[in-house]
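Only a predicted model underlies this, so the values are computations on that prediction, with no experimental measurement involved.
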Amino acid sequence: MDKRPERRTTPKGPGAGRGRRGRIAVALLAALAVTSCTGGVNGTPGASGTRDPLFPRLGNDGYDVQHYGLDLAYDPATGTLSGGATIVARATKDLSAFDLDFAGMDVRDATVDDEPAAVNRAGDELTLRPQEDLGRGETFTAYVRYSGRPRTITDSDGSKEGWLTSPGGGVLALGEPTGSMAWFPSNNHPSDKATYDIKVTVPDGLRVVSNGELTSTVHNGGRTAFSWRTKEPMATYLAMLAIGPYEIDDKGTTKSGIPVYTAVDPAAKERTAQVVAQLPDILAWEEEKFGSYPFSSTGVVVAPAKSAGYALETQNRPVMPLDQFDLSTLVHELAHQWFGDSVTPAAWRDMWLNEGFAQYAEWLWSEDHGGMSAQEHFDTEYAKDDGDEIWAFPPAAPPTAADVSGRPVYVRGAMAVHKVREAVGDEKFFALVQDWLRAHRHANASTKDFTRFVDGEAGHRLTQVWNTWLYGDGKPDSP
Ligand code: TRP
Ligand code: ZN
């Protein structure tokens, strides 16, 4: 779609303030003159999506974000969030304009490299047009100043994400798959990971918990600013804010020396303390299975009951509402730190690489802790009849955006992992899983990357496994 920014600042420079025809004319003039005051760059607008087959409007084309710096203030009395987002990115083509994904909120103004940029809003797309075109390879800094009451987004499967408020002034900001655009403008696609500085100021009495490490807490005039830093690359859908009267425990470390920061809603404390205390043991077991923990801190946020309808593997510390909290789910969300957070899907259809492995981690935990073996879990699932929802579609090819969180992605995804284990044997399987995680650590991977990787390590192609368990329709004829 061709978007024409409505102008809020005075345009300067060639190409600015013109429609497409104007820009073409300027491009011709510039070509004739050989040089122009943009340094010879005549860019085109970046596309407003990344061609994700399931979410074509998510993410944007033409740049690669390196860092997000958010400086926000939240007023629970009015529900207003205000502040700014600094986005450091590298242009991947010559750009005359580029899009960010941003839903709701009022954009006050924006700059690119400290010069005013033209701003346009159309649906969930925020278009910035800098005064001078950006050259391919150039690193630039965009700043967007905004305020408003962030919205709750209902995603394609009907669940709620984005900005979730609970009684008493508490907030959860959660982003899978699209919700982060409710609270900051971004390149909202898992393929573009970046580091983050997230600073949020709230009235005294509330705490702000986010991803990464808390670097400072500054009290001033009845308000406190909490600054969090994420040093390892993170996908936008894993960014998180939890605001509330949380009780903090930041004294412990894992057995491998990683700092643990847990935040528990006071009303949830008694019922969850015993399982929360097992977090270092769970991580020690997962490090043994999956290799070294991929991030510089860990923990969990136990949020008020019903504050979200699901638990989520937000980076460093998952969010688990009290009514979603149990040991098996904690094992699942912590396994996602390897599967999803460190090795992130290249596109949303690759979701089974997250959920299949996180589900399989639960089966492995049970196998190692006196419960059903993974084989018994597999057999129990396979016994489900033809019409069961776990056979509704192939896990590596969810037909619609509403299906990315469907049962086949989890259960049949885990069954596919088990078939790989069966095909290569235990010793090779666990080595292969760790090699896979090392090969794509802090990066992205697709289903094709996975099948190619496994075929390579196995020394032969597992064609039958892939065709049947990842791509086949309906219940496979044999287990
Ligand atoms: N990823 C979460 C989990 O299983 C569940 C979830 C929440 C989810 N929102 C989603 C899955 C959106 C897919 C899409 O731990
Ligand atoms: Zn999961």
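Put simply, the side chain of K419 does not reach to within 4.5 Å of the side chain of M415, judged on heavy atoms. At a threshold of 4.5 Å between non-hydrogen side-chain atoms, the residues N316 and T298 do not count as touching. Counting only heavy atoms from C-beta outward, the side chains of T447 and D350 approach each other to under 4.5 Å. Under the 4.5 Å side-chain criterion, counting only non-hydrogen atoms from C-beta, L81 is in contact with Y74. Side-chain contact between T314 and L174: present, with at least one pair of heavy atoms (C-beta onward) separated by less than 4.5 Å. Residues L134 and V112 are in side-chain contact: their nearest non-hydrogen atoms beyond the backbone lie under 4.5 Å apart. Side chains of V331 and E286 form a contact here, defined as non-hydrogen atoms less than 4.5 Å apart. Between R407 and R412, the closest side-chain pair of non-hydrogen atoms is not below 4.5 Å.
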Practice prompt. With salt bridge (charged side-chain N to carboxylate O under 4.0 Å, His left out) as the test, would you mind laying out the steps for D281 and K255 before giving the verdict?
Written response: CA-CA 8 Å; D281 291 335; K255 287 179 184 141; 2.4 Å; yes
Discussion item. S297 vs R317, test: side-chain hydrogen bond (donor to acceptor under 3.5 Å, both in side chains). Steps then yes/no.
Written reply: CA-CA 8 Å; S297 66; R317 49 192 62 79; 3.3 Å; yes
Practice prompt. Kindly indicate, with the supporting measurements, whether the criterion side-chain hydrogen bond (donor to acceptor under 3.5 Å, both in side chains) is fulfilled by H189 and D52.
Written response: CA-CA 9 Å; H189 192 268; D52 186 291; 2.7 Å; yes
Item to complete: Quick one: do T50 and F55 satisfy side chain to side chain contact (heavy atoms under 4.5 Å, CB included)? Show the steps, please.
Response: CA-CA 8 Å; T50 51; F55 293 90; over 6 Å; no
Fill in: Audit row: H67, D197, side-chain hydrogen bond (donor to acceptor under 3.5 Å, both in side chains) steps and yes/no
CA-CA 8 Å; H67 184 75; D197 277 297; 3.0 Å; yes
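Counted by atom type alone, D157 and S405 present one or more donor-acceptor pairs between their side chains at under 3.5 Å. Using modelled atom types, one finds a donor on one side chain and an acceptor on the other under 3.5 Å when comparing E287 with S256. No side-chain donor from either of N444 and S191 sits under 3.5 Å from a side-chain acceptor of the other. Between D101 and N188, the side chains place no donor N or O within less than 3.5 Å of an acceptor N or O (distance only, hydrogens not considered). A donor-acceptor contact closer than 3.5 angstrom is absent between the side chains of Q324 and T329. Between the side chains of R349 and S446, not a single donor N or O lies within less than 3.5 Å of an accepting N or O. Looking only at atom types and distance, the side chain of T111 has no donor-acceptor partner in the side chain of D114 under 3.5 Å away.
What you find for V209 and W228 is that their closest heavy atoms are CA-CZ2, 3.7 Å. Contact record, Y63 with A89: CD1-CB, 3.9 Å, taken as the closest heavy-atom pair. Of all non-hydrogen atoms in L327 and V275, the two that sit nearest each other are CA-CG1, 3.9 Å. Across every non-hydrogen atom of A308 and P321, the tightest pair is O-CG, 3.4 Å.
No more than 12 heavy atoms of other residues, nucleotides or ligands sit less than 6.0 Å from atom CZ of R223. Shown here is R229, whose CZ atom has no more than 12 heavy atoms of other residues, nucleotides or ligands within 6.0 Å. Counting heavy-atom neighbours within 6.0 Å of D385 CG, excluding the residue itself, gives a total above 12.
Aromatic ring centres of Y146 and F102: separated by under 6.0 Å. Between Y410 and W352, the distance separating the two ring centers is not shorter than 6.0 angstrom. Between F357 and W436, a ring centre-to-centre spacing not shorter than 6.0 Å is recorded. A centroid separation of less than 6.0 Å is found between the aromatic rings of H442 and F295.
Between the side chain of T92 and the main chain of G62, a donor-acceptor pair closer than 3.5 Å is present. At least one donor-acceptor pair under 3.5 Å links the side chain of S156 to the backbone N or O of A401. Using a distance-only test at 3.5 Å, with no hydrogens or angles considered, no donor-acceptor pair links the side chain of N60 to the main chain of F98.
The ring-ring contact (aromatic ring centres under 6.0 Å, His included) test with F290 singles out one residue from Y360, F430, W338, W365, and that residue is W338. In summary, of the residues considered (T154, D155, T152), a side chain to side chain donor-acceptor pair (under 3.5 Å) with K160 occurs for T154 alone.
Aromatic ring orientation, W469 versus Y382: tilted (interplanar angle from 30° to 60°).
The residues E367 and K289 are annotated as not salt-bridged, no charged nitrogen and carboxylate oxygen being separated by less than 4.0 angstrom. A salt bridge links K384 to E381: one of the charged nitrogens lies within less than 4.0 Å of a carboxylate oxygen.
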